There are 2 protein chains.
Amino acid sequence: MEARANGEGSTPLYLRVRDQLANQIEAGLLAANTRLPSERVLAESHGTTRVTTRLALAQLEAEGRIYRSNRRGWFVSPPRLVYNPTQDYSFSDNVTSQGRTPATETLEVTTTEVAPWLANKTGLAVGDAIVRLRRRRQVDGRPVLVENIYLNPKRLPGIEQYDFNRSLWKLLREKFSVELQGKRIEMFPTALVDPQAEALGVNAGTAGLYVTRRSHDADGVFVEFDEEFWLHDTLSIQVEVQ
Amino acid sequence: MEARANGEGSTPLYLRVRDQLANQIEAGLLAANTRLPSERVLAESHGTTRVTTRLALAQLEAEGRIYRSNRRGWFVSPPRLVYNPTQDYSFSDNVTSQGRTPATETLEVTTTEVAPWLANKTGLAVGDAIVRLRRRRQVDGRPVLVENIYLNPKRLPGIEQYDFNRSLWKLLREKFSVELQGKRIEMFPTALVDPQAEALGVNAGTAGLYVTRRSHDADGVFVEFDEEFWLHDTLSIQVEVQ
DNA sequence: TCGCCAAACTGGTCTATACCAGATGAGCGA
DNA sequence: TCGCTCATCTGGTATAGACCAGTTTGGCGA
């Protein structure tokens, strides 16, 4: 707050490094998905060490301005994807309409029994049969989320035989005449830990947004429960009501 | 993935420290709002240095399990507050109904002109008069958010004279007969930077959730635009549709 | 008894260095 | 030309210190 003898002012060094990099990004000198200079180079060019430089980079990462790709380097984050979790929607259509390129990979399809925590979320009974679908979704080649989807096989018989690399919503509508009617959405920011972090190719502890969604059909029958794990810098939630 | 000669396994040391602390929290050995041992003590008791210990603490912080109070120590995070941004609601009532104690402080009330970015969000014209209200809100004595509220003085004449330490929604309803009708909500995880970080008493770069809300009345007239800056570990968003 | 002050303690910032592990690319050999 | 190997690059993890700047607390003095 007060003036210091130190000509640099009282701002910590790592925040000054942060500011310089942020300015370069904002000025357009560093375009989206551009690689930053390596930590060693940045450290030397700012007259400091890697430890301090990494503090500055971690700040920018927390703000969602840059992201890291394991042992490959730091990159400038592209704009956030606008996402409305209350709508039935096709990820693919949504991404495409924003001028980006989507991709979906099905990681796993299994039939298991409802665990207690899931019973609590879905209203099903513990031990009921449930179809579990695990997918990873990318935007412009970067994985941005993994999701676990739990489908009610009573309402959706034979669902496990279909191709899940397309829009699930369209599948439900066309093959099972499901019009999703009510949704209960919960979400909070947290760090991504291991099965999810690994699937997204990021370090455990990377900031994320956890989104869950429970949907039922027009008759009030439970249809599906979603768990989505997003990288925190990749999305902006948008909801409209009434 | 493969077995190592190292008896500790291949997990990095800071993640093993993290796990030990997380287990103690989950086992209930460390209750909500309890202070953890100091970094120096933790470092010694785990046979490592402060740098590594701080990595472990930063992980737990990112997950929302612990939080820091500037130069006072690390504390166990209490449960997240459940919050529905689509509802007209009283913060005070909401917090109280979850068995917690709320507090609100009005930091600033000013009348200014609509800036371009705000015009873009509200639909007002650049240069129009607008009332700006800045508040800080606490739960159990911990500040959890700061908010900037922009109120339309055309729809709410004399609004700047009221007491803002109570529910704004009730004020609008009782004094101006406003029934908020439509809302457009946007939110994304990001780091809290300086005016907000300082108001909340946290370091710049602390993880947060940025929430904006635009409301109009039954006639479609713009009433208010909110910007809320939450600490990321303090809330869980819950939305219900149709 | 009360209030103030100083010591002790806390996290915050920073240097300097080391080695590990995955990603990459140049160049060699078939 | 194609495929593989290996040196070199990257970030990831870790040690061992140092000093700074707020917070807390215990004890002293009025």
Side-chain angles (χ1 to χ4, degrees), chain A residues 1-2 4-6 8-19 21 34-62 66-75 141-142 191 194 197-198 200-206, chain B residues 1-2 4-6 8-19 21 34-62 66-75 141-142 191 194 197-198 200-206:
Chain A
M1 300 306 154
E2 55 184 356
R4 307 294 170 99
N6 180 355
E8 315 285 2
S10 60
T11 315
L13 177 54
Y14 76 92
L15 286 180
R16 298 204 302 274
V17 174
R18 185 221 84 101
D19 290 343
L21 289 170
T34 302
R35 225 198 81 197
L36 299 185
S38 77
E39 294 177 358
R40 283 165 241 256
V41 169
L42 285 173
E44 194 173 4
S45 71
H46 290 89
T48 182
T49 60
R50 268 186 75 204
V51 177
T52 300
T53 304
R54 278 171 70 80
L55 262 186
L57 292 168
Q59 285 280 326
L60 290 164
E61 184 188 34
I66 64 175
Y67 65 94
R68 56 181 106 187
S69 177
N70 203 299
R71 283 170 229 272
R72 295 205 312 120
W74 296 85
F75 298 82
R142 181 186 175 202
D194 224 10
E198 200 194 344
L200 292 171
V202 299
N203 288 343
T206 299
Chain B
M1 301 304 150
E2 55 184 353
R4 305 292 171 99
N6 180 353
E8 314 285 4
S10 59
T11 315
L13 176 55
Y14 76 95
L15 286 181
R16 298 203 303 272
V17 174
R18 185 220 84 99
D19 289 343
L21 289 170
T34 303
R35 225 198 82 200
L36 299 186
S38 78
E39 294 177 358
R40 283 166 242 255
V41 169
L42 284 174
E44 194 173 2
S45 72
H46 289 89
T48 182
T49 61
R50 267 186 76 205
V51 177
T52 300
T53 304
R54 278 171 70 79
L55 262 185
L57 293 168
Q59 285 280 326
L60 290 165
E61 184 188 34
I66 63 176
Y67 65 95
R68 57 180 106 187
S69 177
N70 204 298
R71 282 171 233 271
R72 296 203 313 119
W74 296 86
F75 298 82
R142 181 187 177 201
D194 223 10
E198 200 193 344
L200 292 172
V202 298
N203 288 344
T206 299

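Reminder, nothing fancy here: chain letters follow the sequence lines and each chain counts from 1. Everything numeric here is computed off the predicted structure, so don't read it as measured data.
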Nearest to side-chain heavy atoms of [X], which nucleotide of [options]:
| X | options | answer |
| --- | --- | --- |
| B:N203 | C:dG12, D:dG11, D:dA14 | C:dG12 |
| A:Y14 | D:dA14, D:dG11, C:dT13 | C:dT13 |
| A:L13 | D:dA14, D:dA21, C:dT15 | C:dT15 |

Check the distance between [N]'s [atom2] and [X]'s [atom1] and give it to me in whole angstrom.
| X | N | atom1 | atom2 | answer |
| --- | --- | --- | --- | --- |
| A:R54 | C:dT13 | CZ | C1' | 16 Å |
| B:R35 | D:dT24 | CZ | C1' | 10 Å |
| A:H46 | C:dT13 | NE2 | C1' | 17 Å |
| B:L36 | C:dC9 | CG | P | 19 Å |
| A:E44 | D:dC9 | CD | P | 14 Å |
| A:R71 | C:dA23 | CZ | C1' | 9 Å |

Stepwise side-chain contact (heavy atoms from CB on, under 4.5 Å) test for A:I66 and A:L21: CA-CA 10 Å; A:I66 64 175; A:L21 289 170; over 6 Å; no

query: Start at the 5' end of DNA chain D and walk down; is the nucleotide closest to B:G47 or to B:R40 reached first?
result: B:G47

task: Work out which heavy atom in B:A191 is nearest to a heavy atom in B:G205; give both atom names and the distance.
output: CB-O, 3.7 Å

message: Using every non-hydrogen atom in the two residues, find where A:A43 and A:R50 come nearest and quote the distance to one decimal.
response: CB-N, 3.9 Å

task: To the nearest 0.5 Å, tell me how far B:L36 CG sits from B:T53 OG1.
output: 11.5 Å

State whether [X] places a side-chain N or O below 4.0 Å from either non-bridging phosphate oxygen (OP1 or OP2) of [N].
| X | N | value |
| --- | --- | --- |
| B:R72 | D:dT24 | yes |
| A:T52 | C:dT13 | no |
| A:N70 | D:dG12 | no |
| A:T48 | C:dC14 | no |
| B:T49 | D:dA14 | no |
| A:R50 | D:dG12 | no |

- request: Quick one: label B:L55 by what it contacts on the DNA or RNA (base, sugar-phosphate, nothing), any heavy atom closer than 4.0 Å.
  value: nothing

message: Applying a 4.0 Å non-hydrogen cut-off, can you work out what A:R68 is touching in the nucleic acid: base, sugar-phosphate, or nothing?
response: sugar-phosphate

query: Relative to the 5' end of DNA chain C, which residue comes earlier, A:P12 or B:E39, by the nucleotide with the nearest heavy atom?
result: B:E39

query: Between A:L200 and A:T206, is a side-chain contact (heavy atoms from CB on, under 4.5 Å) present by the stated rule, with each step listed?
result: CA-CA 10 Å; A:L200 292 171; A:T206 299; over 6 Å; no

